[in-house]
Amino acid sequence: MIPYPFQWVEDTLKSHLVNNYAEMSHAMAWKNLTFDASGFKVWLKIINTPSSEDPVTLGPYGDNEMRGFLQIGVYSQLNTGIEESNAVLGHVSKIFSVPRQLQAPDGCMLRLTRKTFSQGGQTSIADFTRGGVEGVWDAQYVTIYWLAREPKQRI
């Protein structure tokens, strides 16, 4: 069975976050896993988005490359202030400092290349004063861009 290309990237990014922020690991919402935000003052929503796979070498040997981004939303209850969510955002940002290379499987490479911040979700002047809001949560985001390489899969 041929493994799904670059499947290890999401596992590596997830492990890096959980291992370096264990005290928040119970408050992290991951793709396709049940999560209940009730009872949390601050929690994280993590989305990994790979883009296209491109060959970076000619022929059947060498490497393929994929780029993508990891977006981490820091959600906090409305009307609770920004101190705690800013502290969480700062800690996440420090965990994913750029540029840096993360541990990858043999023959592979995973590099964090850049990052951006935003308050997502503003749709009107009224919303702007509250920051990005989804339901009863204020949201701030850090987006970490990554580049990965792995050996070409020979069929």
Side-chain angles (χ1 to χ4, degrees), residues 1-37 40-77 81-122 131-134 137-155:
M1 182 170 147
I2 298 174
Y4 179 74
F6 295 94
Q7 184 175 357
W8 57 271
V9 171
E10 186 163 330
D11 295 338
T12 300
L13 293 168
K14 180 178 181 177
S15 294
H16 184 70
L17 178 59
V18 170
N19 291 339
N20 288 286
Y21 210 175
E23 60 269 30
M24 281 293 288
S25 63
H26 66 286
M28 295 180 185
W30 300 94
K31 179 179 92 177
N32 202 26
L33 294 175
T34 302
F35 180 79
D36 181 5
F40 290 109
K41 186 175 174 185
V42 176
W43 58 278
L44 304 176
K45 179 169 75 173
I46 298 96
I47 299 169
N48 182 50
T49 306
S51 59
S52 66
E53 180 181 2
D54 299 307
V56 291
T57 56
L58 296 174
Y61 301 97
D63 291 336
N64 285 339
E65 181 176 276
M66 184 171 285
R67 293 176 185 265
F69 62 89
L70 178 73
Q71 186 171 67
I72 301 173
V74 178
Y75 289 80
S76 59
Q77 291 178 349
I82 60 171
E83 290 79 17
E84 189 172 350
S85 63
N86 280 350
V88 170
L89 187 68
H91 194 87
V92 169
S93 178
K94 186 176 179 181
I95 290 168
F96 289 101
S97 60
V98 295
R100 78 182 301 174
Q101 203 156 307
L102 297 182
Q103 187 72 36
D106 287 341
C108 299
M109 181 266 302
L110 177 59
R111 184 178 304 139
L112 307 180
T113 59
R114 64 187 178 97
K115 94 183 131 179
T116 59
F117 300 91
S118 68
Q119 280 187 321
Q122 293 118 357
V133 177
E134 289 185 18
W137 302 96
D138 182 73
Q140 300 181 77
Y141 300 95
V142 60
T143 305
I144 302 101
Y145 296 86
W146 54 263
L147 176 144
R149 288 190 178 166
E150 72 177 14
K152 289 182 179 178
Q153 309 259 339
R154 291 180 297 283
I155 297 176

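Every heavy atom of this structure was used, including side-chain atoms; hydrogens, water molecules and symmetry mates were not.
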May I ask you to test the [X]-[Y] pair for a side-chain heavy-atom distance under 4.5 Å?
{"X": "V98", "Y": "Y145", "result": "no"}
{"X": "H91", "Y": "M24", "result": "no"}
{"X": "L147", "Y": "M109", "result": "yes"}
{"X": "H26", "Y": "F40", "result": "yes"}
{"X": "L102", "Y": "L13", "result": "yes"}
{"X": "N20", "Y": "K94", "result": "no"}
{"X": "V142", "Y": "F96", "result": "no"}
{"X": "M28", "Y": "I46", "result": "yes"}

F6: which residues meet the ring pair (Phe, Tyr, Trp, His ring centres under 6.0 Å) condition with it, sequence neighbours left out?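 Listed in chain order: nothing, the list is empty.
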Considering residues at least two apart in sequence or located in another chain, which fulfil the ring pair (Phe, Tyr, Trp, His ring centres under 6.0 Å) criterion with W146?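 For W146, no residue satisfies ring pair (Phe, Tyr, Trp, His ring centres under 6.0 Å) once neighbours in sequence are set aside.
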If every non-hydrogen atom of [X] is compared with every non-hydrogen atom of [Y], which pair is closest and at what distance?
{"X": "G107", "Y": "D63", "value": "O-OD1, 4.5 Å"}
{"X": "L112", "Y": "S97", "value": "CD1-O, 3.9 Å"}
{"X": "G73", "Y": "Y141", "value": "CA-CD2, 3.4 Å"}
{"X": "W8", "Y": "A104", "value": "CZ3-CB, 3.7 Å"}

Does Q101 CD have over 12 foreign heavy atoms under 6.0 Å away?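 It does: Q101 CD has more than 12 such atoms within range.
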Exceeds 12 heavy-atom contacts within 6.0 angstrom, atom CG of L33: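 Yes, CG of L33 has more than 12 neighbouring heavy atoms, counting only those of other groups under 6.0 Å.
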Side chain to side chain contact (heavy atoms under 4.5 Å, CB included) involving S93 - partner list, sequence neighbours excluded: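 For S93, the residues satisfying side chain to side chain contact (heavy atoms under 4.5 Å, CB included) (neighbours in sequence not counted) are K115, F117.
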Say you draw a straight line from [atom1] of [X] to [atom2] of [Y]; how long is it, rounded to the nearest 0.5 Å?
{"X": "I72", "Y": "I95", "atom1": "CD1", "atom2": "CD1", "result": "7.5 Å"}
{"X": "S85", "Y": "Q77", "atom1": "OG", "atom2": "CD", "result": "11.5 Å"}
{"X": "T116", "Y": "F69", "atom1": "OG1", "atom2": "CZ", "result": "9.0 Å"}

Applying salt bridge (charged side-chain N to carboxylate O under 4.0 Å, His left out), name anything that partners K41, two or more places apart in sequence or on another chain.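 Once residues adjacent in sequence are excluded, the partners of K41 under the salt bridge (charged side-chain N to carboxylate O under 4.0 Å, His left out) criterion are E84.
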Geometric class of the F35/W43 ring pair [parallel <30°, tilted 30-60°, perpendicular >60°]: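 Geometry flag for F35 against W43: tilted rings.
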Pairs flagged by side-chain hydrogen bond (donor to acceptor under 3.5 Å, both in side chains) wherever residues 64-73 is involved - sequence neighbours left out: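 Found E53-N64, E65-R149, Q71-T143.
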Does S15 reach the main-chain N or O of T12 with its side chain, forming a donor-acceptor pair under 3.5 Å?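 Such a contact is absent between S15 side chain and T12 backbone.
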Side-chain donor or acceptor of K152 paired with backbone N/O of T57 under 3.5 Å: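 Checked: pair present.
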Would you please name every residue forming a side chain to side chain donor-acceptor pair (under 3.5 Å) with D11, sequence neighbours left out?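 With sequence neighbours excluded, D11 shows a side chain to side chain donor-acceptor pair (under 3.5 Å) to no residue whatsoever.
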Starting from the C-alpha separation in whole Å, work towards a yes-or-no answer on side chain to side chain contact (heavy atoms under 4.5 Å, CB included) for Q140 and N86. CA-CA 9 Å; Q140 300 181 77; N86 280 350; 3.2 Å; yes
